[in-house]
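Note that ligands are numbered from 1 as they come in the structure, with each ligand's atoms numbered from 1 the same way.
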Amino acid sequence: MRVARSLAELQQALRELQGRGPLGFVPTMGALHAGHAALLERSARENAVSALSIFVNPTQFGPNEDLSRYPRPLEKDLELARAAGTQLVFVPAVEDIYPPGFSTFVEGNHVAEPLCGARRPGHFRGVCTVVLRLLNLFQPRRAYFGEKDLQQYLVLRRMVEDLAVDVELVPCATVREADGLALSSRNVYLSSEERALAPRIYQGLRRAADAFGQGESRPQKLLDVASQGLESFRIDYLELRSLPDLGPLAEAKKPCALLVAAFLGKTRLIDNIQLK
Ligand code: AMP
């Protein structure tokens, strides 16, 4: 496994790998867990060469968010990447992604407006900009994204369509703990009491999905069912939205999704369930 720590090293490594066949690419912010491993393993399975980037992207963090304390266990990440069949890892410095004079941003699109886009101003502008730059650097055949961050995947899907980026975006199912909590690099922030409460988010989503399966289509009823048991959380949003545009819905009808962001103490957790 090659580890490229600068743009020059990345370009050299990509030149050497050229001609081997299709490239699969998994962009991440590191602090890798089994959710990331699932993306990496799939990328390795479906492509001749599988590449990973680890970059805690400052432009997608708000001023009061966790940029400086985001976990960065690089050696452990490299072990996980190697075990998942990765051939190339890009660990850029901030200046490799945002060199002096950098001033072009992808502003986003209508899919980026609600939900996390409304609560985290500038977040998807940062995400779109970094992902487009990484896609241009790697020029992969396929890039892999987790449905854990469903809005992110849908925003990027709109972006590659609108800007004619020649890549297939592959959505991958959310990997969960045995008790249903979606794996996240931010779960390490949870105290043991918060960790014990955290699975309630997904339990609520599952109950609402079951109610939908039994014929309940009134959005407010589904949201009420989903929010039961979340008294200890500060709900940032809990909404029913259409797929793939994340538009508002007067009635639940397939395909749609329930999406939630909720704070437990200082930690913001997100999750979603698709009704399809
Ligand atoms: P992150 O490093 O958290 O920005 O995530 C990098 C990629 O891994 C994104 O496409 C995420 O959606 C995906 N990912 C994160 N957590 C999970 C999970 N529990 N299951 C599946 N994919 C995930």
Relative to ligand 1, is [X] under 4.0 angstrom through side chain, backbone, both or neither, heavy atoms considered?
X	result
Val26	neither
Glu147	neither
Ala34	neither
Arg176	neither

May I ask you to check if ligand 1 and [X] share an N or O to N or O distance below 3.5 Å?
X	answer
Gly146	yes
Thr174	no
His36	yes
Val175	yes
Leu39	no

Query raised in the report: Quick one: do Glu193 and Arg195 make a salt bridge, cutoff under 4.0 Å?
Result: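 Arg195 and Glu193: not salt-bridged.
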What I want to find out is whether Arg119 reaches Glu239 closely enough, with some N-O distance under 4.0 Å, to be called a salt bridge.
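Looking at Arg119 and Glu239, the cut-off is met.
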Straight-line distance of Leu40 CG to Leu80 CG, nearest 0.5 Å: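 Rounded to the nearest 0.5 Å, the CG-CG separation comes out at 6.5 Å.
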query: So between Ser185, Ala173, Pro27, whose heavy atom ends up nearest atom 7 (C) of ligand 1?
result: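 Considering heavy atoms of Ser185, Ala173, Pro27, the nearest to atom 7 (C) of ligand 1 sits in Pro27.
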Taking C-beta and beyond as the side chain, do [X] and [Y] meet within less than 4.5 Å on heavy atoms?
X	Y	result
Thr59	Tyr98	yes
Val49	Pro22	no
Ser43	Arg142	no
Arg141	Phe25	no

Atom indices of ligand 1, in the order listed, that fall short of 4.0 Å to a heavy atom of [X]:
X	value
Leu183	16 (N), 17 (C), 18 (C), 19 (N)
Phe145	10 (O)
Thr28	2 (O), 6 (C)

What protein heavy atom sits nearest atom 11 (C) of ligand 1, and how far away is it?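 So the nearest neighbour among protein heavy atoms is Asp149 OD2, 3.1 Å.
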- Quick one: look up the protein heavy atom nearest atom 2 (O) of ligand 1 and list residue, atom name and how far away it is.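 It is Met29 N, 2.9 Å.
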**Report entry** Residue pair Asp66 / Tyr189, side-chain donor-acceptor N/O under 3.5 Å
**Finding:**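 Yes - a donor-acceptor pair under 3.5 Å links their side chains.
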| Does a donor on one side chain sit under 3.5 Å from an acceptor on the other, for Gln220 and Asp224? |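 Short answer, yes.
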**Q.** Tyr144 and its side chain to side chain donor-acceptor pair (under 3.5 Å) partner, picked from Glu46, Glu41, Arg42
**A.**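 The option that passes is Glu46.
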